[in-house]
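Here the structure comes first, spelled out in structure tokens, and everything after it is commentary.
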Amino acid sequence: MGNILNMMNCKTVFSGLLIWGLTAVGAQAACPNGNPQYLDYIRRENNRCEGIVERSSISGALSLISFASKGVNSFGNTLTIRIPRLANISRPNVTLRAVEDDYQLNELRLVPRSRTYNFNWSTYVLKRAGIAPDALRAVATAGTQIVYIPTIVGSPADRYEIVFYSSRPVRFKTFQIKQNGSIVYNTSTSTFKEGEINFDWDGSNANAGRYQLYYEAEIEQIGRAPRLVRRTINFAHDPDWLR
């Protein structure tokens with residue numbers, strides 16, 4: 001009986017490794033080379049991955065898809081994003097999306113400057129796909145203990161755009177921004193909603209430093225009571241990023 005269990009465990013481990021391997025291969029193949037005149041999600045100039053993707057690219061029932069200072073009203077020929085550089089924090093990973101338009105930009109070769117990492121790219125795909133500037137969502141993370149760094153899209157805005165995406169109706173019972181245990185912003189949502197859920201925070205008078213975004217959200221379940229999700233997200237803030 002022990003041998004049978006060991007064989008079953010080995011098969012389970014092997015299956016898990018096989019699935020992981022297929023997933024890894026799939027992830028590499030998800031950004032192929034292609035014709036840059038098309039809108040497909042392909043590897044483009046500057047080695048970036050950009051184009052139209054399947055909606056399933058957003059994983060999980062509830063995801064943070066934007067933490068940005070975004071001041072872009074129209075597209076010129078190019079667009080720039082900047083991610084502030086933090087001491088002792090590695091180069092960030094950045095994803096820019098327009099969820100309802102199935103647009104995604106990632107795998108960016110960020111250019112280090114004195115205070116920011118920058119990336120500048122052609123707006124050809126954005127304009128050809130008819131994506132509105134207001135639809136763009138950007139998120140950047142860095143560090144072994146994940147820290148979110150607000151992405152400056154175009155010019156700085158006067159407040160942060162904080163956007164979640166949920167494939168199921170969700171209600172935020174609690175949405176708080178804290179520093180050193182003190183609540184500096186507190187709100188909630190009264191109704192269940194799926195798709196994008198938008199918040200904003202004017203941190204122009206808040207001290208520079210590390211903050212925590214804490215939320216409790218109820219996610220609707222079919223035939224069951226809503227599932228309660230609690231999460232704390234660490235992020236960096238500097239009022240200069242809103243000017």
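These numbers were taken from a predicted model, which means no experiment stands behind them. One-based numbering along the sequence shown.
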I need the [X] [atom1] to [Y] [atom2] distance, nearest 0.5 Å.
X    : Y    : atom1 : atom2 : answer
Y117 : I83  : OH    : CD1   : 9.5 Å
T80  : I152 : OG1   : CD1   : 11.5 Å
D40  : Q37  : CG    : CD    : 12.0 Å
I149 : L86  : CD1   : CG    : 4.0 Å
D102 : Q104 : CG    : CD    : 10.0 Å
L213 : I162 : CG    : CD1   : 5.5 Å

- Task: Go through the steps to decide whether L136 and L79 satisfy the test side chain to side chain contact (heavy atoms under 4.5 Å, CB included), and finish with yes or no.
- Result: CA-CA 12 Å; L136 293 180; L79 183 61; 4.0 Å; yes

- Non-neighbouring partners of W201 that pass side chain to side chain donor-acceptor pair (under 3.5 Å), sequence neighbours left out: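 Not a single residue meets the side chain to side chain donor-acceptor pair (under 3.5 Å) criterion with W201.
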
- Task: Under the side chain to side chain donor-acceptor pair (under 3.5 Å) rule, collect the residues that match up with N118, sequence neighbours excluded.
- Result: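 By the side chain to side chain donor-acceptor pair (under 3.5 Å) rule, N118 matches T116.
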
For [X] and [Y], which heavy atoms make the closest approach, and how far apart are they?
X    : Y    : value
A68  : V153 : CB-CG2, 4.4 Å
A208 : P239 : N-CD, 3.9 Å
I65  : V139 : O-CB, 3.9 Å
P84  : P150 : CD-O, 3.3 Å
V125 : G51  : CG1-CA, 4.2 Å
L62  : A217 : CD2-CB, 3.9 Å

Less than 4.5 Å apart, side chain to side chain, heavy atoms only: is that true for [X] and [Y]?
X    : Y    : result
D158 : S204 : no
R128 : I52  : no
R44  : I42  : yes
P133 : K70  : no
Y41  : C31  : yes
E50  : S122 : no
F175 : F164 : yes
L96  : L108 : no

Let me check something: do [X] and [Y] share a hydrophobic cluster, defined by ILVMFWY side-chain heavy atoms less than 4.5 Å apart, either directly or through other members?
X    : Y    : result
Y214 : I219 : no
V94  : I233 : yes
I146 : Y215 : yes
V163 : F192 : no

Give a yes or no answer on whether the side chain of [X] reaches the backbone of [Y] with a donor-acceptor pair at less than 3.5 Å.
X    : Y    : value
S66  : A138 : yes
R48  : W121 : no
H237 : G203 : yes
T123 : N77  : yes

- Item | Sequence-distant partners of Y124, ring-ring contact (aromatic ring centres under 6.0 Å, His included), two or more places apart |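 With sequence neighbours excluded, Y124 shows a ring-ring contact (aromatic ring centres under 6.0 Å, His included) to no residue whatsoever.
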
- Query: With sequence neighbours left out, what residues match Y103 under ring-ring contact (aromatic ring centres under 6.0 Å, His included)?
  - Reply: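 In terms of ring-ring contact (aromatic ring centres under 6.0 Å, His included), with neighbours along the sequence ignored, Y103 is linked to no residue.
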
- Query: What residue pairs, at least two apart or across chains, pass side chain to side chain donor-acceptor pair (under 3.5 Å) with a residue in residues 132-153?
  - Reply: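 Applying side chain to side chain donor-acceptor pair (under 3.5 Å) to every pair that reaches into residues 132-153, excluding sequence neighbours, yields R137-E161, R137-E196.
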
Please determine whether the number of non-hydrogen atoms from other residues, nucleotides or ligands lying under 6.0 Å from atom [atom1] of [X] exceeds 12.
X    : atom1 : result
R115 : CZ    : no
N47  : CG    : yes
E45  : CD    : no
N35  : CG    : yes

- Summary of ring-ring contact (aromatic ring centres under 6.0 Å, His included) pairs that have at least one residue in residues 64-84, sequence neighbours excluded: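 Matches after skipping sequence neighbours: F67-Y160, F67-F235.
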
Kindly write out the residues that satisfy salt bridge (Lys or Arg N to Asp or Glu O under 4.0 Å) with [X], not counting sequence neighbours, or none if the list is empty.
X    : answer
D200 : R159
R230 : E216
D240 : R243
R85  : none

- Message: Considering only residues two or more places apart or on different chains, which pairs with a residue in residues 144-155 satisfy salt bridge (Lys or Arg N to Asp or Glu O under 4.0 Å)?
- Response: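 Pairs touching residues 144-155 that pass the test: none.
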
- Query: Quick one: do R168 and E220 make a salt bridge, cutoff under 4.0 Å?
  - Reply: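 So R168 does not pair with E220 through a salt bridge.
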
- Show your reasoning for whether side chain to side chain contact (heavy atoms under 4.5 Å, CB included) applies to V170 and V229. CA-CA 10 Å; V170 62; V229 176; over 6 Å; no

What pairs of donor and acceptor atoms, side-chain ones from residues 182-191 against any protein atom, are under 3.5 angstrom apart with sequence neighbours left out?
from: T189; atom 1: OG1; to: F172; atom 2: N; distance (Å): 2.7

- Task: List the steps, then state whether side chain to side chain contact (heavy atoms under 4.5 Å, CB included) holds for V147 with R210.
- Result: CA-CA 9 Å; V147 176; R210 298 297 177 87; 3.7 Å; yes

